[in-house]
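Note that the numbering runs from 1 along the sequence shown for the chain.
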Amino acid sequence: MRLEHIKALSFEQLKNFPEEEYENFDIKGIQTALTIHRCDLDEQSILIVVQVFLPTWKFPTYFSVNGVGKMFADGIIVNKNGQKSDAPDEYLFQYR
């Protein structure tokens with residue numbers, strides 16, 4: 001849902017996003033963390049990543065002193081001309 005909202009924004013709106021924005025919310029009684037990352041790839045393009053951490057011990061994919069669980073990430077690349085494309089895995093790897 002958030003990524004769909006972000007996809008509707010213009011390059012200039014996304015350029016003004018903070019580098020990181022955090023939000024915690026509750027899913028069925030589980031405290032979940034959402035982070036939106038903005039990374040300027042160059043003067044013409046921006047990477048926006050929506051990252052979610054879900055704490056769980058059931059087949060975890062993320063291990064940290066801050067928690068064990070699953071990390072999910074999806075993103076888009078937006079250029080100054082308004083073109084938007086899904087971010088390839090090599091850009092998202094560090095967020096997963």
Side-chain angles (χ1 to χ4, degrees):
M1 176 85 151
R2 293 196 197 283
L3 189 58
E4 293 305 316
H5 171 73
I6 289 169
K7 284 181 179 181
L9 299 175
S10 71
F11 177 85
E12 290 304 320
Q13 289 172 307
L14 295 171
K15 186 82 172 160
N16 292 323
F17 262 41
E19 286 189 19
E20 291 185 340
E21 184 176 296
Y22 304 96
E23 181 181 340
N24 291 316
F25 57 96
D26 191 74
I27 297 179
K28 296 183 180 181
I30 299 172
Q31 188 71 311
T32 304
L34 174 112
T35 307
I36 298 174
H37 302 272
R38 178 192 51 84
C39 177
D40 296 335
L41 299 176
D42 55 40
E43 289 293 318
Q44 302 294 318
S45 56
I46 302 169
L47 170 67
I48 302 289
V49 177
V50 176
Q51 180 185 54
V52 176
F53 173 72
L54 178 66
T56 183
W57 283 96
K58 189 173 184 176
F59 305 108
T61 57
Y62 183 82
F63 299 90
S64 165
V65 294
N66 295 321
V68 174
K70 294 184 186 242
M71 188 72 76
F72 303 94
D74 202 359
I76 60 170
I77 296 176
V78 182
N79 70 26
K80 203 169 194 169
N81 297 332
Q83 293 177 312
K84 297 173 183 160
S85 60
D86 292 335
D89 284 338
E90 56 263 19
Y91 284 97
L92 298 174
F93 181 76
Q94 71 186 42
Y95 299 100
R96 291 182 171 159

Q13 side chain to S10 backbone, donor-acceptor under 3.5 Å: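 Yes, Q13 side chain to S10 backbone: donor-acceptor pair under 3.5 Å.
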How would you list, by chain and number, every residue that makes a side-chain contact (heavy atoms from CB on, under 4.5 Å) with [X], sequence neighbours excluded?
{"X": "L34", "value": "R2, E23, F25, I36, V50, V52"}
{"X": "N24", "value": "Q31, A33"}
{"X": "L14", "value": "I6, L9, F17, I46, I48, V78"}

Full working for side-chain contact (heavy atoms from CB on, under 4.5 Å) between D74 and L92: CA-CA 7 Å; D74 202 359; L92 298 174; 4.2 Å; yes
Side chain proximity check, K70 to F59, heavy atoms < 4.5 angstrom: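 The answer is yes, as the side chains (C-beta and beyond) meet within the 4.5 Å cut-off.
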Non-hydrogen side-chain atoms of Y95 and H37 separated by less than 4.5 Å: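 Result yes, sub-4.5 Å side-chain heavy-atom pair found.
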Residues clustered with F63, ILVMFWY side-chain links under 4.5 angstrom: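 Direct or chained contacts put F63 with W57, V68.
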ring-ring contact (aromatic ring centres under 6.0 Å, His included) partners for F53, two or more places apart: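 Here the qualifying residues are Y62.
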What pair of heavy atoms forms the shortest contact from [X] to [Y], and how long is it?
{"X": "S45", "Y": "I77", "result": "CB-CG2, 4.2 Å"}
{"X": "V49", "Y": "A73", "result": "CG1-CB, 4.1 Å"}
{"X": "Y91", "Y": "L41", "result": "CE2-CD2, 3.8 Å"}

Selection residues 11-20 - residue pairs positive for salt bridge (Lys or Arg N to Asp or Glu O under 4.0 Å), sequence neighbours left out: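 For residues 11-20: K15-D40.
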Residues D42, K80: salt bridge by 4.0 Å N-O rule: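 Salt bridge between D42 and K80, a charged N being under 4.0 Å from a carboxylate O: no.
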Inter-residue atom distance L54.CG - I27.CD1, 0.5 Å rounding: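 Going from CG on L54 over to CD1 on I27, the span is 6.5 Å.
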